[in-house]
Trainee: 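Below are the structure tokens for one structure; questions will follow.
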2 protein chains.
Amino acid sequence: MPHHHDNAPLGEVLVSFRLDATARVPAYRQLAERIRDAIAERRLDRGTRLPATRVLAAELGLSRNTVTAAYDMLAAEGWIHSRIGAGAFVASLPDQQPIPLPPLPEAPSAPPGFSRRGEALTWVSHAAGSNRPVPFVADVPAFDVFPLAAWSRQMALSWRDVDPALLGYADPAGYLPLRRELARHLRANRFLRCEAGQMIMTSGTQQSLDLLARILLDPGDTVWIEDPGWVGARVALIAAGARLVPVPVDDQGLSVTAGAALAPAPRLIFITPSRQYPLGVTMSMARRAELLACAESCGAWVIEDDYDCEFRYGGTPLPAVQSMDASGRVIYLGTFSKALLPSFRLGFFVAPPELATAFANAKAIIDKHPPLLEQITLEAFMQSGRFAAHIRRMRLIYAERQTCLIEALRRDLGDILTVAPAETGVHLLAMLRGGLDDVTFCAQARAVGIMLRPLSIYYLGPARRQGVIFGFAAIPPRKILTGVRRLAGAVRA
Amino acid sequence: MPHHHDNAPLGEVLVSFRLDATARVPAYRQLAERIRDAIAERRLDRGTRLPATRVLAAELGLSRNTVTAAYDMLAAEGWIHSRIGAGAFVASLPDQQPIPLPPLPEAPSAPPGFSRRGEALTWVSHAAGSNRPVPFVADVPAFDVFPLAAWSRQMALSWRDVDPALLGYADPAGYLPLRRELARHLRANRFLRCEAGQMIMTSGTQQSLDLLARILLDPGDTVWIEDPGWVGARVALIAAGARLVPVPVDDQGLSVTAGAALAPAPRLIFITPSRQYPLGVTMSMARRAELLACAESCGAWVIEDDYDCEFRYGGTPLPAVQSMDASGRVIYLGTFSKALLPSFRLGFFVAPPELATAFANAKAIIDKHPPLLEQITLEAFMQSGRFAAHIRRMRLIYAERQTCLIEALRRDLGDILTVAPAETGVHLLAMLRGGLDDVTFCAQARAVGIMLRPLSIYYLGPARRQGVIFGFAAIPPRKILTGVRRLAGAVRA
């Protein structure tokens, strides 16, 4: 039963209501929407009695029919309800209290178990790490300087003009104009050989890898991975049933000779040639050629993960391995998690031209297609030059943050670790001197709120070196300085 | 080398520039952003010479330092460049012309083949169907009355206030406040037994199914599916290597007796009990109990796909099968593709409480987590009551569209087909009279631009009945009437 309130009556809410005679929205809808907003935003209490249509019409200078039509619309949508002889009242917002269900009998049995495949998919725990920009979280961009407002404006513009044909189910490979922009961008900046038709938009590198592992590998197939290497790739490949062969990384990148000695016929080779994760080595041109020749001779696929290419502070970028491959065996992975934000969930891969349709078919089976809004916004962002400007701006900011971190580490911890500048990316690898254990070091840091990652967890084989990964993008110089000082205090204690 | 233009000089672009003294954004940034926007939107030509800082400062009544700082910011971001003695010029937008790469040698070999699993993932072609709201596309909501503006406003609000901690990598199960709202909504409206911790947000039913098939099934495992049934489920299950057993649907839903006769020990049973797709049957309470007892006795999982529950025009909804299950073997799937829009890519499933973490772990491996923006917007939309109001409003619109379609079909095609009202959802199934072939019928319709789906393609076994599926949500009554008339003309010709 509605109860009456004297505060926040409708008249007060409507005091500034002015009919927009030029709008295409009819008068009754303008009025109804204004009242609806007040109810949704809880400025009008449940049970508030609305003025009689005659009274409100006079007060607002509207025809009574207009007010009646507005009330009818609100009643149809459930915002208000009428009682004969008593008038109209603000309805309760939909009652979201749980309805009590009868108790169930004792469970007759436990649920069935997972499949063997399911066990491989569910064993890695993802207990929430810190998502706050604390020192020195790695692999995330700077949240504090992201152009949220410009992005938001572009989003609203793109959305306002959206073609209704785009609101339904769409191309599984992604929004074509974005794929065109992206192919242009990659040709110009990464020397890729690609056209829009080869681009498959995904929700990020994790999805790209999961999808590719399923399409390219059967359970038991042999895969060369870099050791040390990125854990996300490892878990996706294990979930696909792959037999992982950890191949050592030397100063030219993954060692093809070592790989061939360990397992001469891999089905797939996973590499991060632009900047090996986590060691930071750039794969040399000679090694790239050697790797391609090896893949060629044993009929292997190559996945080239270019996770970190946007922010370059020095040196000359080498062309992507994909651009050296004539046979269509190299699949190039990219992401916007670093260049923009992880929370957009936007990434892609570049398929060989003749196989692109097959990959898109698979994407349709696993989740239909990527969401529209992020794609149309990014397309406009790239098209207008804002994306390139954002990258240039962030590069300056990150260069400053990296310099600040290196100087602070050398000053406050130079006797404990050594660190060299990174030519690209958003993290540094510091090597520990004199047999210090990296896991212990990171635990000491964690105790004072400093997030670091020990190098040794990235080894699948025995950890050959002890180091620590510092992200430098996520926090401003001031916090970098205090963070290093706090860290130095903790590890010396 | 920049070339000069006399048109669209900076002065003209800045004619309405007024410094907002109350804004927290410093003056130099306000000015820089205004100039940047003009460049990005191509209102200022490449090569345009900018006024000297002294001149512009005087013209705008700003300090010269402010103008210099703005120019410096623009130069750092690459929007303008300076040449000593010549002043500052609008830079070219990033050159997105492809860089010519040296030709590659003849392909030494073809790329390797796909895996056996890959073949099962890539065989279904997703050649673009029509996404335009033509008569009578099925399974899509009304684009013409979706509250794009209200959604856009909410999106901007939610985004403006976003917590920076949310911009990085996030909970693989999805945004917790949304999962709370959703659990409340499902308890109140679908009588589910669920808490936020059980909700796993996905990109829609297709991803839910793909993920569940991988976690619950090994290749070769037996699955009961409804026959006829939804093709999307079929392809996801085939991709997972399942052995599909098509089980007939009678007037109470999937026939448990028939299933037990065909394959007595399924590992998983897939059902659409609220409204069987495509026949429209609601599974009776007796059948639900029989099915649960059968799953119990043979240790099977049950997937309950409630794709179509939001729009109810008559009858009383039965509680979800999930609410009758004490053993945690029923997994409930839901989607926002009908209630909102497919292009948001938002769906979810409800996991048994003790297994929710394992499912979230798998979600992290397949694509980390859902995008943030759609989730925070939907949460606010639900929280404010706008979601419930949207559903109520669409229900009225769809009821009218359904009535209009039924009347038109009976009037113009009553001698060829029979049709009964649907109590829920956005499609009707019309049965063809007298041995007409539904594939031929739909081909005749397609020739005049009418999209229909023949019932027979939904059968995995032999098609027992000939019918046609009409979507009624996507187009307004006027187009429904002309569509039926055009259809009648075509099939009589």
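In what follows, chains carry the letters A, B, and so on, assigned in the order in which the sequence lines appear, proteins first and then strands, with residues in each chain numbered from 1.
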Trainee: I'd like to check A/Phe143 versus A/Leu148 (side-chain heavy atoms, cut-off strictly below 4.5 Å). Are they in contact?
Mentor: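 No, their side chains stay 4.5 Å or more apart.
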
Trainee: Counting distance only, does the side-chain N/O of A/Trp301 pair as donor-acceptor with the main-chain N or O of B/Gly113 below 3.5 Å?
Mentor: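 Checked: pair present.
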
Trainee: Non-hydrogen atoms of chain A under 4.5 Å away: do they reach the side chain of B/Met394, the backbone, both or neither?
Mentor: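 No part of it gets close to chain A.
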
Trainee: So what's closer than 4.5 Å to chain B heavy atoms on A/Asp144: side chain, backbone, both or neither?
Mentor: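 Neither part.
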
Trainee: Can you say whether A/Pro352 sits under 4.5 Å from chain B via the side chain, the backbone, both, or neither, judging by heavy atoms?
Mentor: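 Answer is neither: A/Pro352 stays 4.5 Å or more from chain B.
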
Trainee: Is there a side-chain contact between B/Gln207 and B/Arg345 in this structure, where contact means two heavy atoms from C-beta onward sitting under 4.5 Å apart?
Mentor: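 Result no, sub-4.5 Å side-chain heavy-atom pair not found.
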
Trainee: Checking B/Pro219 against chain A: side chain, backbone, both or neither under 4.5 Å from a heavy atom?
Mentor: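 Both parts, backbone and side chain.
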
Trainee: Looking at A/Ser323, A/Ala156, A/Ser115, which has the largest count of heavy-atom pairs under 4.5 Å with chain B?
Mentor: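 Ranked by contacts with chain B, first place is A/Ser115.
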
Trainee: What's the spacing between B/Asp139 CG and B/Ser337 OG if we round to 0.5 Å?
Mentor: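 Rounded to the nearest 0.5 Å, the CG-OG separation comes to 10.0 Å.
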
Trainee: In terms of heavy-atom proximity below 4.5 Å to chain A, should B/Leu396 be classed as side chain, backbone, both, or neither?
Mentor: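 Contact with chain A involves the side chain of B/Leu396 alone.
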
Trainee: Output the option from A/His369, A/Glu374, A/Arg160, A/Met324 having the highest count of non-hydrogen pairs under 4.5 Å with chain B.
Mentor: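 Of the options given, most contacts go to A/His369.
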
Trainee: Give, as side chain, backbone, both or neither, the part of B/Ala120 having an atom under 4.5 angstrom from any heavy atom of chain A.
Mentor: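 B/Ala120 touches chain A through backbone heavy atoms alone.
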
Trainee: Which heavy-atom pair separates B/Gln154 from B/Ala380 by the least distance, and what is that distance?
Mentor: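 Answer, listing the atom of B/Gln154 first, then B/Ala380: NE2-CB, 3.1 Å.
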
Trainee: Check each atom of B/Ala213 against the heavy atoms of chain A and say whether the ones under 4.5 Å are side chain, backbone, both or neither.
Mentor: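 Answer is backbone: N, CA, C or O of B/Ala213 sit under 4.5 Å from chain A.
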
Trainee: Please rank A/Arg117, A/Arg116, A/Glu106, A/Arg393 by heavy-atom pairs under 4.5 Å with chain B and give me the top one.
Mentor: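 Top option by heavy-atom pairs under 4.5 Å: A/Arg117.
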
Trainee: What orientation do A/His185 and A/Phe387 show, parallel under 30°, tilted 30 to 60°, or perpendicular over 60°?
Mentor: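 Aromatic pair A/His185/A/Phe387 classed perpendicular.
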
Trainee: Counting only non-hydrogen atoms closer than 4.5 Å, does B/Glu33 touch chain A with its backbone (N, CA, C, O), its side chain (CB onward), both, or neither?
Mentor: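 Neither the backbone nor the side chain of B/Glu33 comes within 4.5 Å of chain A.
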
Trainee: Counting heavy-atom pairs under 4.5 Å with chain B, which one of A/Asp221, A/Asp218, A/Asp325, A/Leu372 comes out on top?
Mentor: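 The candidate making the most pairs under 4.5 Å is A/Asp218.
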
Trainee: Measure the spacing between CG of B/Asn361 and CH2 of A/Trp123 and express it to the nearest 0.5 Å.
Mentor: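 Atom-to-atom, B/Asn361:CG and A/Trp123:CH2 are 10.0 Å apart.
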
Trainee: Check whether A/Leu167 gets within reach of chain B through its side chain, its backbone, both or neither, counting any heavy atom under 4.5 Å.
Mentor: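 Contact with chain B involves both backbone and side-chain atoms of A/Leu167.
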
Trainee: Using a cut-off of under 4.5 Å on heavy-atom pairs, state which of A/Gly118, A/Ser343, A/Gly299 scores highest against chain B.
Mentor: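 Ranked by heavy-atom pairs under 4.5 Å with chain B, first place is A/Ser343.
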
Trainee: Side chain, backbone, both or neither: which part of A/Leu192 has a heavy atom under 4.5 Å from chain B?
Mentor: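 It is the backbone, since no side chain atom gets that close.
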
Trainee: Check each atom of A/Ala300 against the heavy atoms of chain B and say whether the ones under 4.5 Å are side chain, backbone, both or neither.
Mentor: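 For A/Ala300, the contact with chain B is made by the backbone alone.
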
Trainee: Which bit of A/Pro319 is near chain B, if near means a heavy-atom gap under 4.5 Å: side chain, backbone, both or neither?
Mentor: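 Looking at A/Pro319, nothing touches chain B.
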
Trainee: Are any of the side-chain heavy atoms of B/Thr377 and B/Phe344 separated by less than 4.5 Å?
Mentor: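 Answer no - side chains too far apart.
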
Trainee: Using non-hydrogen atoms only, which part of B/Arg153 is less than 4.5 Å away from chain A: side chain, backbone, both, or neither?
Mentor: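 For B/Arg153, the contact with chain A is made by the side chain alone.
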
Trainee: In terms of heavy-atom pairs under 4.5 Å with chain B, which of A/Arg395, A/Met155, A/Lys363, A/Glu119 leads?
Mentor: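 If we count pairs closer than 4.5 Å to chain B, A/Met155 comes out on top.
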
Trainee: Less than 4.5 Å to any heavy atom of chain B: does that hold for the side chain of A/Gln375, its backbone, both, or neither?
Mentor: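 Answer is neither: A/Gln375 stays 4.5 Å or more from chain B.
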
Trainee: Is A/Val162 close to chain B through its backbone or its side chain, or both, or neither, when contacts mean heavy atoms under 4.5 Å?
Mentor: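 For A/Val162, the side chain is the part near chain B, not the backbone.
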
Trainee: Can you say whether A/Arg193 sits under 4.5 Å from chain B via the side chain, the backbone, both, or neither, judging by heavy atoms?
Mentor: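 Its backbone and side chain both get close to chain B.
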
Trainee: May I ask you to test the B/Arg214-A/Phe114 pair for a side-chain heavy-atom distance under 4.5 Å?
Mentor: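 Not touching, per the 4.5 Å side-chain cut-off.
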
Trainee: Is there a side-chain contact between B/Val140 and A/Tyr169 in this structure, where contact means two heavy atoms from C-beta onward sitting under 4.5 Å apart?
Mentor: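 The answer is yes, as the side chains (C-beta and beyond) meet within the 4.5 Å cut-off.
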
Trainee: Using non-hydrogen atoms and a 4.5 Å limit, figure out which bit of A/Ala110 sits close to chain B: side chain, backbone, both or neither.
Mentor: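 Backbone of A/Ala110 only, per the 4.5 Å heavy-atom cut-off to chain B.
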
Trainee: Measuring from A/Leu211:CG to A/Ile366:CD1, what's the distance to the nearest 0.5 Å?
Mentor: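 One gets 4.5 Å once the value is rounded to the nearest 0.5 Å.
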
Trainee: Using non-hydrogen atoms and a 4.5 Å limit, figure out which bit of A/Ala183 sits close to chain B: side chain, backbone, both or neither.
Mentor: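 When you check distances to chain B, no heavy atom of A/Ala183 falls under 4.5 Å.
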
Trainee: Taking side chain as C-beta onward, heavy atoms only, is B/Lys368 less than 4.5 Å from A/Thr205?
Mentor: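 SC-SC contact between B/Lys368 and A/Thr205 ruled out.
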
